[in-house]
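Working notes for the structure below.
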Amino acid sequence: MPDTRDIRLYLEDLLGRAVQSAIAAGELPDVAVPGSAIERPKDTANGDFASTLPLRMARAAMKPPLEIANVIARHMADDPVIERPSVAPPGFINIRLTSGFLQRQVEHVIAAGPGYADLTVGARKKAQVEFVSANPTGPLHVGNGRGAAIGDALASALAAAGYEVEREYYVNDAGTQTDTFAETLYARYQQLFGRAADIPRDGYPGEYMVELAQEIKEEAGDGFLRPEGEPGPADLGSRGIELMVRHIRRSLEAFGVRYDRWYSEKSLYDPEGPYEKATALLREHGQLVEREGALWFASSELGEDKDNVVVRSDGRPTYYGSDIAYHYDKFVTRGFDLVIDVWGADHHGHVSRLKTASRAIGADREALHVLLYQLVTLKRGGEVVRLSKRGGEIITLDELVEEVGADAARFFFLLRSPGAQMEFDLDLAKKQSSENPVFYVQYAHARLASILERAAEQGLTPDGGDVSLLTQPSELGLIREMMQLADVLESVVQTFEPQQLPHYAMALATAFHAFNDAFKQQNDPSLKVITGDVARSRARLRLVLAAKISLARILGIMGMTAPDRM
RNA sequence: GCGCCCGUAGCUCAGCGGAUAGAGUGUUAGGUUGCGGACCUAAAGGUCGGUGGUUCGAGUCCACCCGGGCGUACCA
């Protein structure tokens with residue numbers, strides 16, 4: 001008996017045998033049978049599954065698809081999982097699951113518990129999701145929140161799919177921007193002591209730098225001050241970065257994101273570290289060439305548009321150079337089977353050459369996946385606000401979390417496909433305290449919890465419920481929706497499209513509300529979960545329990561809370 | 001110039017080559033004396049940016065064009 005996970009395989013097998021039987025009976029010509037012809041109809045009125053096999057076979061078989069469909073359907077044996085299939089033009093075979101099969105899924109969900117819909121596709125594989133990784137030169141802004149929501153949810157989905165997952169933040173604590181940051185900080189610091197210091201031309205004008213300088217003054221007094229006109233001490237910059245990273249970590253924690261590792265760019269340059277090893281390897285391959293005083297990676301020989309500088313003529317590595325070292329560490333040293341880098345779309349020019357470099361150091365072709373998300377356009381008071389850490393006004397992730405809450409912010413970020421530019425209307429998000437889809441989903445969970453609680457007060461529990469009593473359309477509809485979770489997860493980890501998660505969550509919540517309100521719609525109190533009919537009540541409580549498990553699972557994967565009360 | 005992403009309902013967005021293109025929100029009309037209405041039911045609302053092509057079948061794939069965004073650094 002198949003469970004929710006391999007029902008497709010089961011159906012394909014069933015269809016395949018029907019076709020063979022039809023061929024053996026001489027009713028179909030012996031032609032190649034295309035696989036994977038099982039799909040889910042958009043309209044559930046057409047069944048739980050549909051096969052387009054007849055449409056795909058029509059050309060080779062030289063018969064009208066409808067006729068093929070009828071033949072195949074006739075040859076499908078009676079089966080405990082599906083009803084007799086029906087045929088629809090232009091050549092679909094529609095398949096409906098039996099009530100018995102659906103009912104048993106309730107037991108399947110309860111038995112699986114919090115691990116319901118776990119997959120095995122990632123078993124024994126190590127995956128890393130690196131996300132946000134914003135320069136620690138300023139607070140996280142709203143756009144970083146999108147990357148955080150996407151990366152964290154993807155990591156959770158991969159974990160559910162069986163991967164051993166690490167979440168990582170790459171701390172750019174070594175580049176030129178770090179130097180500019182240090183200069184700005186020293187200028188602000190000097191200003192606190194009454195000196196007329198200007199922030200550098202390309203510096204960070206934001207108010208937060210003043211606060212950061214203040215913070216440092218409070219802990220170290222004038223300890224970082226140098227005679228006027230001299231540059232600031234080197235350790236002021238690193239102290240500033242440290243504090244900034246701490247702020248970033250707190251912001252992300254408030255957003256519900258926790259990392260397994262904060263990886264220092266600086267550490268790439270440790271003796272015998274990734275940078276040395278990676279460049280040595282490329283040199284060995286003869287892929288590093290010196291030209292115009294700089295060191296270039298000969299990427300054009302590997303299909304790139306041009307070569308790229310790895311080490312500047314002043315001896316400092318470029319971002320590209322350090323990123324090659326970083327990915328050497330990911331693939332070669334740490335041995336990840338799958339690495340997902342979640343980046344803002346403004347980095348897309350970097351994708352191809354990093355993939356090329358990753359392969360050059362030995363990574364599998366498909367091992368690196370760069371997930372780009374388009375930048376967030378902010379709208380406030382009907383006006384578009386550009387996100388820029390260097391420009392004047394930024395809206396921080398902290399402010400967003402403060403105003404709309406982490407759960408709602410995450411849900412909204414996930415709702416859009418990463419590749420689509422999204423507009424975040426702050427005014428709308430703020431006032432969406434009750435008309436917000438996130439609450440719709442969470443409310444469903446709270447009601448499921450309260451039903452169980454209310455029943456328990458009356459001495460009723462799901463224990464011993466007989467699921468074969470679940471025969472109402474709204475009951476079976478809820479089960480059908482619960483069954484989709486594994487499919488959704490599998491799709492998310494295969495396509496890296498996290499937007500499927502919130503859409504599914506809404507569909508599941510809708511199925512629950514339909515079930516929960518059926519008694520009102522039909523004006524029939526006997527459809528309530530808790531009725532005078534104890535056996536039926538217990539059966540429905542089992543369904544409620546299973547639905548709660550399913551909903552909590554999808555909420556958890558999205559990084560949202562599943563409240564029992566609201 | 002070249003490259004990548006996007007263009008779907010008033011708005012914000014889903015949509016694995018399949019059946020009558022969906023959801024939320026907004027609008028309109030109903031439902032509530034309750035297992036928490038932060039809910040439910042229904043209606044209206046679309047030349048899927050345009051033109052060709054591939055296919056039994058195209059919002060989906062291909063080509064070109066239009067519009068928006070981003071990239072094309074010894075920045076990250």
Side-chain angles (χ1 to χ4, degrees), chain A residues 36 39-43 45-46 50 52 55-56 58-59 64-65 88-92 94 133-135 137 172 175-178 180 202 292-296 305-306 308-314 316-323 343-352 372-375 377 379 412 415-425 428 432-440 442-444 446-448 450-455 457-458 460 487 491 494-495 497 499-500 502-503 506-507 510 513-514 516-521 523 525 528-531 537 540-541 544 565-566:
Chain A
S36 295
E39 48 192 59
R40 285 190 185 276
K42 284 183 200 160
D43 187 347
N46 290 322
T52 54
L55 291 160
R56 294 168 200 273
R59 177 182 277 253
F92 292 101
N94 290 332
S133 300
N135 276 345
T137 52
N172 297 108
T176 48
Q177 310 233 359
T178 308
T180 312
D202 293 321
E292 299 154 30
L295 199 59
W296 301 68
D305 292 344
K306 58 185 189 62
N308 291 283
V309 173
V310 175
V311 183
R312 299 180 180 91
S313 45
D314 65 4
R316 294 181 315 158
T318 60
Y319 173 75
Y320 184 45
S322 60
D323 232 12
W343 294 347
D346 53 340
H347 289 63
H348 80 245
H350 188 58
V351 174
S352 179
L372 296 174
Y373 61 92
Q374 293 291 325
L375 300 186
T377 307
K379 226 165 120 183
F412 275 114
L415 203 51
R416 276 77 188 198
S417 75
Q421 289 161 227
M422 76 170 275
E423 191 168 276
F424 207 113
D425 189 328
L428 191 70
Q432 265 177 340
S433 51
S434 63
E435 292 297 321
N436 197 313
V438 67
F439 293 109
Y440 178 80
Q442 291 183 316
Y443 178 65
R447 285 185 83 169
L448 284 160
S450 92
I451 290 168
L452 288 169
E453 194 179 322
R454 192 62 53 99
E457 284 166 11
Q458 299 178 28
L460 275 173
D487 267 7
S491 174
Q494 275 171 0
T495 61
E497 290 177 357
Q499 76 275 14
Q500 295 178 39
H503 282 102
M506 285 166 79
T510 297
H513 285 303
N516 195 47
D517 280 351
F519 81 94
K520 287 182 206 162
Q521 286 310 310
N523 197 19
K528 289 184 176 183
V529 174
I530 301 169
T531 69
S537 295
R540 287 180 182 149
L541 285 170
V544 166
R565 249 173 254 279
M566 292 178 73

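Lettering of chains follows the sequences in order, A, B, ..., and the numbering in each one begins at 1.
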Take the protein atom CG of A/Leu372 and the nucleotide atom P of B/C4, then report the distance between them rounded to whole Å. 13 Å

Hunt down the Watson-Crick or G-U wobble partner of B/U33, both distances under 3.5 Å, from any strand shown, or write none. none

Between B/G67 and B/U55, how far apart are the P atoms? Round to whole Å, please. 32 Å

May I have the distance from A/Leu415 (atom CG) to B/U25 (atom P), rounded to whole angstrom? 12 Å

Check each of A/Gln499, A/His503, A/Met422 against A/Leu415 using the side chain to side chain contact (heavy atoms under 4.5 Å, CB included) test, and report the only one that passes. A/His503

With a cut-off of less than 4.0 Å, is there a side-chain N or O of A/Arg447 near OP1 or OP2 of B/C39? no

Strand partner of B/U72, provided both Watson-Crick or wobble distances fall under 3.5 Å: B/G1

Write down the distance between CG (A/Leu448) and P (B/G36), rounded to a whole number of angstrom. 11 Å

Rounding to an integer number of angstrom, what distance separates B/C48 and B/C11 when you compare their P atoms? 16 Å

Between CD of A/Glu423 and P of B/C13 the distance, given in whole Å, is 6 Å

For the base of B/G68, is there a side-chain donor-acceptor partner from A/Gln421 under 3.5 Å away? yes

Taking pairing as Watson-Crick or G-U wobble with both contacts under 3.5 Å, can you name the mate of B/A38, or confirm there isn't one? none

Once you apply the 3.5 Å cut-off to both distances, tell me the Watson-Crick or G-U wobble partner of B/C48, or none. none

Span that lies between the P atom of B/A21 and that of B/G26, in whole angstrom: 25 Å

With a 4.0 Å cutoff (strictly under), does any side-chain N or O of A/Lys42 reach OP1 or OP2 of B/C16? no

Any stacking of A/Tyr440 on B/A38, going by centres under 5.5 angstrom and planes within less than 30 degrees? no

Return the pairing partner of B/G26 with a 3.5 Å limit on both distances, Watson-Crick or G-U wobble; otherwise return none. none

Round to the nearest Å and state the distance from A/Leu460 atom CG to B/C35 atom P. 14 Å

